[in-house]
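All figures in this text were calculated on a predicted structure; none of them were measured in a lab. We count ligands from 1, going down the list as the structure has it; atoms in each ligand are counted the same way.
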Amino acid sequence: MVVVMSPDATDEDVAHVVEKVQEVGGEAFVSKGVVRTIIGLVGDLESFHHLNLRTLRGVADVHRISDPYKLVSRQHHAERSTVWVGRAGRRVPIGPDTFTFMAGPCAVESADQTLEAARMAQSAGATILRGGAYKPRTSPYAFQGLGVKGLEILADVREATGMPVVTEVVDARDVPVVAEHADMLQIGTRNMANFGLLQAAGESGKPVLLKRGMTATIEEWLMAAEYIAQRGNLDVVLCERGIRTFEPATRNTLDISAVPVVQATSHLPIIVDPSHAAGRKDLVVPLSRAGIAVGADGIIVDVHPTPETALCDGPQALLGNDLRDLAQAVRKLPPVVGRVDSSERAERP
Ligand code: PEP
Ligand code: MN
């Protein structure tokens, strides 16, 4: 940490800061410039926070040098992590050496629709099935999901296809039942900063897919991941799903640069959701290609057998030729950036 003194700070002000830092066991290194004095602090960050340094007389600014997140940072964990998803013997990796394609319907609507979407996803090369049983809708009048019935459908479809399942949990009280049925818990953009939910997911014993809040900075997102990690769960995969900007042509703006930025600062895997970023099916394939090229560890895409009847997000769901184009991109592009398909590294029963 570095404390910057204001130009009119006195020697007594500087001495007072040094004294306070030493009182909590820290060391202070004073460097006097022509106009300003800066003080470098070495010691326990937490105890420095309690000092409320900004309130001390003569202090102009305080800068942090190390990351505010510890467990998810690369500062103490240089090697990038791989998160394994699924039941023992059938697990699929998400990490730096592989490319993981996840797909499925936005919402679980019925057993037939989910199975059909899963088969479409699987034939396009997907190794993990997505599908929402609890839908966090902007309108309270919109379809809210099938709840436990939807979780049961997902578990049945996992049995039928062998695909591990990721599904969203929107309420901390539902974490046990979702963890009982699913292989990975998704925390959506609207709940990224729901700290009670993050902590409950951290105690669930299941890997977590943490989407970026639509107005969250990368640092806030990584702090949210830290909440999960702090509860003993380091199996967290981040998902860039677009952020709110002034541009109305797309539902959100896919922040593609977040992928390498996150990879430089955190060891956690990061995937891209082009469907929820764009909100339009014609952009899903180009944005998926961009995600692969920029080095994402995977993508998660909406597919639906009949988008015109979908109860949620039909306009962004792929099928037919679009899905074939995506399948081709997912087959051809990852090897160009040095990745093998997750199916090649997945455990086989
Ligand atoms: C979803 O993936 O179904 C979803 C609701 O996504 P997001 O939280 O990114 O809007
Ligand atoms: Mn959706």
Exercise for review: Say whether R212 and ligand 1 are in contact under the criterion: heavy-atom distance to a ligand atom below 4.0 Å.
Suggested key: no

Exercise for review: Under the ring pair (Phe, Tyr, Trp, His ring centres under 6.0 Å) rule, collect the residues that match up with H267, sequence neighbours excluded.
Suggested key: H77

Check your understanding: Counting no waters, how many protein N/O/S atoms sit under 2.8 Å from the Mn ion (ligand 2)?
Key -> 3

Point to revise | K281 atom NZ: more than 12 heavy-atom contacts under 6.0 Å | key: no

Check your understanding: If only atom types and distance count, is the side chain of S31 paired as donor or acceptor with the main-chain N or O of G40 below 3.5 Å?
Key -> no

Check your understanding: For atom 1 (C) of ligand 1, which of M192, E240, H276, R137 has the closest heavy atom?
Key -> H276

Exercise for review: Please confirm whether Q186 comes under 4.0 Å of ligand 1, counting heavy atoms of the residue only.
Suggested key: yes

Practice item. Give every residue pair that meets the salt bridge (charged side-chain N to carboxylate O under 4.0 Å, His left out) criterion with at least one member in residues 292-315, sequence neighbours excluded. Key: R80-D297, R130-D302, R251-D313, D297-R339

Review point. R54: what forms a salt bridge (Lys or Arg N to Asp or Glu O under 4.0 Å) with it, not counting sequence neighbours?
Key: D61

Check your understanding: Near R190, which atoms of ligand 1 are under 4.0 Å from a heavy atom of that residue?
Key -> 8 (O), 10 (O)

Study note, to complete from the structure: The side-chain hydrogen bond (donor to acceptor under 3.5 Å, both in side chains) partner of R212 among D273, N252, D255 is D255

Point to revise | Under 3.5 Å donor-acceptor, S266 side chain and Q263 backbone | key: no

Check your understanding: What is the closest protein heavy atom to atom 8 (O) of ligand 1, and at what distance does it sit?
Key -> T189 N, 2.8 Å

**Study point:** Nitrogen or oxygen of D273 less than 3.5 angstrom from that of ligand 1
**Key:** no

Review point. Would you say the side-chain atoms of W84 pair up with the backbone N or O of P207, donor to acceptor, closer than 3.5 Å?
Key: no

Point to revise | Contact atoms of ligand 1, heavy-atom distance to G188 under 4.0 Å | key: 8 (O)

Review point. Can you tell which part of E168 has a heavy atom less than 4.0 Å from ligand 1: side chain, backbone, both or neither?
Key: side chain

Point to revise | Side-chain donor/acceptor of D174 to backbone N/O of V169, under 3.5 Å | key: no

**Study point:** Winner among R251, R241, K211 once heavy atoms are compared against atom 6 (O) of ligand 1
**Key:** K211

Review point. Any donor-acceptor pair under 3.5 Å linking the side chain of S204 with the backbone of A201?
Key: yes

